[in-house]
J.: 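Okay, handing you the structure first.
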Amino acid sequence: MTPLFSPEDLGAIWLTIKLASTVTILLLIVGTPIAWWLTYTTSRFKAIVAAIVALPLVLPPTVIGFYLLITMGPEGTIGKITQALGLGLLPFTYWGLVIASMIYSLPFVVQPLHNAMQAIGSRPLEVAATLRASPKDQFFTVVLPLAKPGFISAAVLGFAHTVGEFGVVLMIGGNIPAETKVVSVQIYDHVEALQYSQAHTLSLAMVLFSFIVLLLLNSIQRRWVSGLFSSKGDS
């Protein structure tokens, strides 16, 4: 009996899951203070920062990949820094993929967090402040519990978007088995080699994965809206 996935397919699937998990965790750490700042700041630079965060939504992935390739290259700013630190160059490495994926998936994590924090409003924080809660306590005891659905949505979207990347991944990671070859690149390779059956199997798995992600997001949103209405009804 022919196995559903070849060893190379399984390697690409494992690398994709590892990459998406790493990127999601790092983006939640980086994206939370950015979303917090965008929600509560009155700085005149807010519009500029918001536009920079949202830029990957409108730019072609190949454009982002090209500039990252230049910046991380031997003559680029990041490339010079990583070489000075003895880390070598990032293009065509796993950590180069992680950084590129973080930049490309940043708006898919920051925007759900920003929306969730905006929905909380300033009133709960003002009440907490009157009880002498520090900004740190306000975040962990007020913002974090109330914005929990936003964090879940951000994690799901960040993970799913990283799994589906192609242009940026191909530009920065290339096509190195077990190091940078993810599922989207593996599908591309199967098509180039006219291996349509293998490409179909992997593509169908991606379709099923995306469908499950959308179902999960809809379920989270419905429960959140239902919870908001019931809490308002109780009050």
Side-chain angles (χ1 to χ4, degrees), residues 14-41 43 45-57 59 61 64-65 67-68 71-72 77-79 81-82 85-88 90-91 93-120 122 124-125 128 133-165 168-169 172-173 179-180 182 209 213 216-217 220-221 224:
W14 163 245
L15 183 64
T16 303
I17 293 172
K18 179 183 167 187
L19 174 68
S21 302
T22 306
V23 168
T24 302
I25 292 169
L26 292 177
L27 274 180
L28 285 174
I29 295 171
V30 172
T32 300
I34 296 175
W36 173 275
W37 186 83
L38 287 174
T39 303
Y40 296 106
T41 186
S43 169
F45 298 110
K46 177 178 178 179
I48 297 174
V49 174
I52 291 172
V53 170
L55 209 53
L57 291 173
L59 279 177
I64 299 173
Y67 281 116
L68 284 175
T71 309
M72 293 178 181
T77 307
I78 297 176
I81 293 173
T82 54
L85 293 173
L87 301 174
L90 290 173
T93 66
Y94 174 75
W95 286 105
L97 269 188
V98 169
I99 293 173
S101 300
M102 284 180 66
I103 292 171
Y104 190 50
S105 297
L106 184 64
F108 292 86
V109 171
V110 171
Q111 290 197 345
L113 293 177
H114 177 49
N115 293 339
M117 290 177 184
Q118 255 187 337
I120 294 171
S122 58
L125 297 181
S134 66
K136 180 182 171 185
D137 292 333
Q138 291 174 30
F139 177 78
F140 283 104
T141 59
V142 179
V143 175
L144 209 53
L146 292 177
K148 186 178 174 183
F151 278 92
I152 296 173
S153 297
V156 173
L157 281 175
F159 188 92
H161 190 254
T162 305
V163 167
E165 280 181 32
V168 172
V169 163
I172 297 298
E179 287 189 40
T180 61
V182 294
F209 171 77
V213 166
L216 183 62
L217 275 178
I220 292 169
Q221 287 169 352
W224 191 19

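By convention here, the first residue in the shown sequence is residue 1.
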J.: Name all residues meeting the side chain to side chain contact (heavy atoms under 4.5 Å, CB included) criterion together with Leu38; count only those two or more places apart in sequence or in a different chain, and write none if there are none.
T.: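 Checked Leu38 against side chain to side chain contact (heavy atoms under 4.5 Å, CB included); matches are Ile34, Lys46, Val49, Ala50, Val110, His114.
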J.: Checking Thr162 against Ser105: is there a side-chain donor and acceptor pair closer than 3.5 Å?
T.: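 A pair is found: one side chain offers a donor N or O, the other an acceptor, under 3.5 Å apart.
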J.: Kindly indicate whether the side chain of Val182, heavy atoms from C-beta on, has any atom under 4.5 Å from the side chain of Glu165.
T.: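 Val182 does not reach Glu165 side chain to side chain.
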J.: Can I get a per-line list of side-chain donor-acceptor pairs under 3.5 Å for residues 137-152, giving both atom names and the distance, sequence neighbours left out?
T.:
from: Asp137; atom 1: OD2; to: Ser134; atom 2: OG; distance (Å): 3.1
from: Gln138; atom 1: NE2; to: Ala133; atom 2: O; distance (Å): 3.0
from: Thr141; atom 1: OG1; to: Asp137; atom 2: O; distance (Å): 2.4

J.: Is it the case that the side chain of Thr32 and the backbone of Ile29 share a donor-acceptor pair, with hydrogens and angles ignored and the cut-off at 3.5 Å?
T.: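 Judged by distance alone, no pair lies under 3.5 Å.
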J.: Could you measure the distance from the CG atom of Leu19 to the OH atom of Tyr94? Nearest 0.5 Å is fine.
T.: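 Separation between the atoms: 5.0 Å.
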J.: Roughly how far, to the nearest 0.5 Å, is the CD1 atom of Ile172 from the CD1 atom of Ile103?
T.: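 Output value for this atom pair is 8.5 Å.
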J.: Grab the two heavy atoms, one from Ala155 and one from Leu28, that are nearest each other, plus how far apart they are.
T.: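 Looking at all heavy atoms of both residues, the shortest contact is CB-CD1, 4.1 Å.
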J.: Taking all atoms of both residues into account, what is the closest heavy-atom pair of Gly96 and Met72, and its distance?
T.: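 Reported closest heavy-atom pair: O-CE, 4.1 Å.
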J.: Could you measure the distance from the CZ atom of Phe209 to the CD1 atom of Ile17? Nearest 0.5 Å is fine.
T.: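 Here the interatomic distance stands at 8.5 Å.
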J.: Hey, are the side chains of Phe45 and Ile52 touching, using non-hydrogen atoms and a 4.5 Å cut-off?
T.: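 Answer no - side chains too far apart.
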J.: About how many Å separate CH2 of Trp37 and CE of Met117, when rounded to the nearest 0.5 Å?
T.: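 It is 14.0 Å, given to the nearest 0.5 Å.
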J.: Quick one: are Leu68 and Tyr104 in side-chain contact, heavy atoms under 4.5 Å?
T.: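 When only atoms from C-beta onward are counted, Tyr104 and Leu68 do not touch, as no gap falls below 4.5 Å.
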J.: For a 4.5 angstrom cut-off between non-hydrogen side-chain atoms, does Phe159 reach Val163?
T.: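 Of all side-chain heavy-atom pairs linking Val163 with Phe159, at least one is under 4.5 Å.
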J.: Please find the pair of heavy atoms, one from Ala54 and one from Pro107, that lie closest to each other, and give the distance.
T.: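 Result for this residue pair: CA-CB, 4.2 Å.
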J.: Return the set of residues passing side-chain hydrogen bond (donor to acceptor under 3.5 Å, both in side chains) with Tyr67 (not counting sequence neighbours), or none when no residue passes.
T.: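 For Tyr67, no residue satisfies side-chain hydrogen bond (donor to acceptor under 3.5 Å, both in side chains) once neighbours in sequence are set aside.
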J.: Closest approach of Ile64 and Pro56, non-hydrogen atoms and distance?
T.: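 Looking at all heavy atoms of both residues, the closest pair is CD1-CA, 3.8 Å.
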J.: Using modelled atom types only, decide if a donor and an acceptor are shared between the side chain of Thr71 and the backbone of Thr77 within a distance under 3.5 Å.
T.: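 No: the side chain of Thr71 does not pair with the backbone of Thr77.
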J.: Check Ala35 against Leu113 and note the closest heavy-atom contact, atom names and distance.
T.: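 Shortest heavy-atom separation between Ala35 and Leu113 comes out as CB-CB, 3.6 Å.
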J.: Taking the side chain as every heavy atom from C-beta outward, state whether Leu27 and Leu106 have any atom pair closer than 4.5 Å.
T.: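 Leu27 reaches Leu106 side chain to side chain.
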J.: Do the side chains of Thr180 and Val169 get nearer than 4.5 Å, heavy atoms only?
T.: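 SC-SC contact between Val169 and Thr180 ruled out.
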J.: For side chain to side chain contact (heavy atoms under 4.5 Å, CB included), just list the numbers for Trp95 and Leu87, CA-CA rounded to whole Å, side-chain angles, deciding distance to a tenth of an Å, and then say yes or no.
T.: CA-CA 11 Å; Trp95 286 105; Leu87 301 174; over 6 Å; no
